[in-house]
**Student:** 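The structure follows.
Computed from a predicted model, the values in this text were never measured in an experiment.
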Amino acid sequence: MGGKNGQVVAGGNGEGNRLDQLSCPRDVLIDKETDSLIICDRLNRRVVRWSRRSGTTQGEILIDNIKSWGLTMDDQRYLYISDIEKHEVKRYQIEDKNGTLVAGGNGKGASLNQLNFPTYIFVDQQQTVYVSDSSNHRVMKWNKGTKEGIVVAGGQREGNALTQLSYPEGLFVDTLGTIYVADCGNHRVMRWPKGAKQGTIIVGGNGQGEGANQLNCAYGLSFDRHDNLYVADQRNHRVQRFSIE
């Protein structure tokens, strides 16, 4: 198998705000229940849904007036969306436009009840929200129903020590609570075991570059069922696969 050519399944009609257009889409997920794509259409300040059925020529607006960056869905089909303007994460039922605050929402800042430019999010089966609190250089964990979060990675100002992060982005948490985070500004991917005070470098960390052991601003990350790690290596304009021990 190997796809040589992509197929446009949303947008593709130039940048714009018509329902058949997108503007700087930032994140996407597949909603298997409705066989559709849900997309953060960032510069249009909206989240849209596009059916994956053939013949679809435009999307529908699920949520508007939101400067969204990252989104995910939990087992109960709640949608979680980060808002980089309001520095918060909200949980939405699919047809609900208002949502419930689950992280941040107390203005921009570095207190435990605040976020500063939240980007990617991960939600576990207990509806615990993990969020890359990018401009605070930390990953936060918000247990369901709590008023403030817990720092679970970084949070020691920006830097490249093993206790530090620099503009964290993509995020994955395994069933043991181990956090995998794309440490964009440090050109590495880190693993933080649950409760650890520092992480270990599992990919990159060899300076900014385009070598096979280097990254240039790691952004998104994803695992397949064989535990291969895929990293969106943003400024190298490539996706790399790594087998993780």
**Student:** Is it the case that the ring center of Tyr230 lies less than 6.0 angstrom away from the ring center of Phe223?
**Tutor:** no
**Student:** With rounding to the nearest 0.5 angstrom, report the CE to CD distance, Met73 to Glu33.
**Tutor:** 9.0 Å
**Student:** Regarding Arg191 and the six-membered ring of Tyr180, is the cationic atom NZ or CZ under 6.0 Å from the ring centre and inside 45° of its axis?
**Tutor:** no
**Student:** Taking the six-membered ring for Trp, is the centroid-to-centroid distance between Phe117 and His87 below 6.0 Å?
**Tutor:** no
**Student:** Show the nearest heavy-atom pair for residues Gln164 and Arg188, with the distance to one decimal.
**Tutor:** O-NH2, 3.0 Å
**Student:** Could you check Asp64, Asn65, Asp41, Asn17 and say which one makes a side chain to side chain donor-acceptor pair (under 3.5 Å) with Arg46?
**Tutor:** Asp41
**Student:** Short question: side chain of Ser132, backbone of Glu169 - any donor-acceptor pair under 3.5 Å?
**Tutor:** yes
**Student:** Any chance you could lay out the salt bridge (Lys or Arg N to Asp or Glu O under 4.0 Å) test for Lys67 and Asp83, step after step, and finish with the verdict?
**Tutor:** CA-CA 5 Å; Lys67 196 108 182 249; Asp83 185 328; over 6 Å; no
**Student:** Without placing hydrogens or testing angles, list every side-chain donor-acceptor pair under 3.5 Å for residues 197-209, not counting sequence neighbours.
**Tutor:**
residue	atom	partner	partner atom	Å
Asn206	ND2	Gly204	O	3.4
Asn206	ND2	Asn213	O	2.8
Gln208	NE2	Asn216	OD1	3.2

**Student:** What residues, two or more places apart in sequence or in another chain, satisfy side-chain hydrogen bond (donor to acceptor under 3.5 Å, both in side chains) together with Glu15?
**Tutor:** Ser23
**Student:** Got a second to check how far Leu176's CG is from Asp174's CG, nearest 0.5 Å?
**Tutor:** 5.0 Å
**Student:** Can you tell whether the side chains of Asp27 and Arg42 come within less than 4.0 Å, N to carboxylate O?
**Tutor:** no
**Student:** Measure from the side-chain N and O atoms of Asp124 to the backbone N and O of Gln126, and report whether any donor-acceptor pair falls under 3.5 Å.
**Tutor:** yes
**Student:** Between Leu115, Val152, Ile150, which is the residue that forms a side chain to side chain contact (heavy atoms under 4.5 Å, CB included) with Met140?
**Tutor:** Leu115
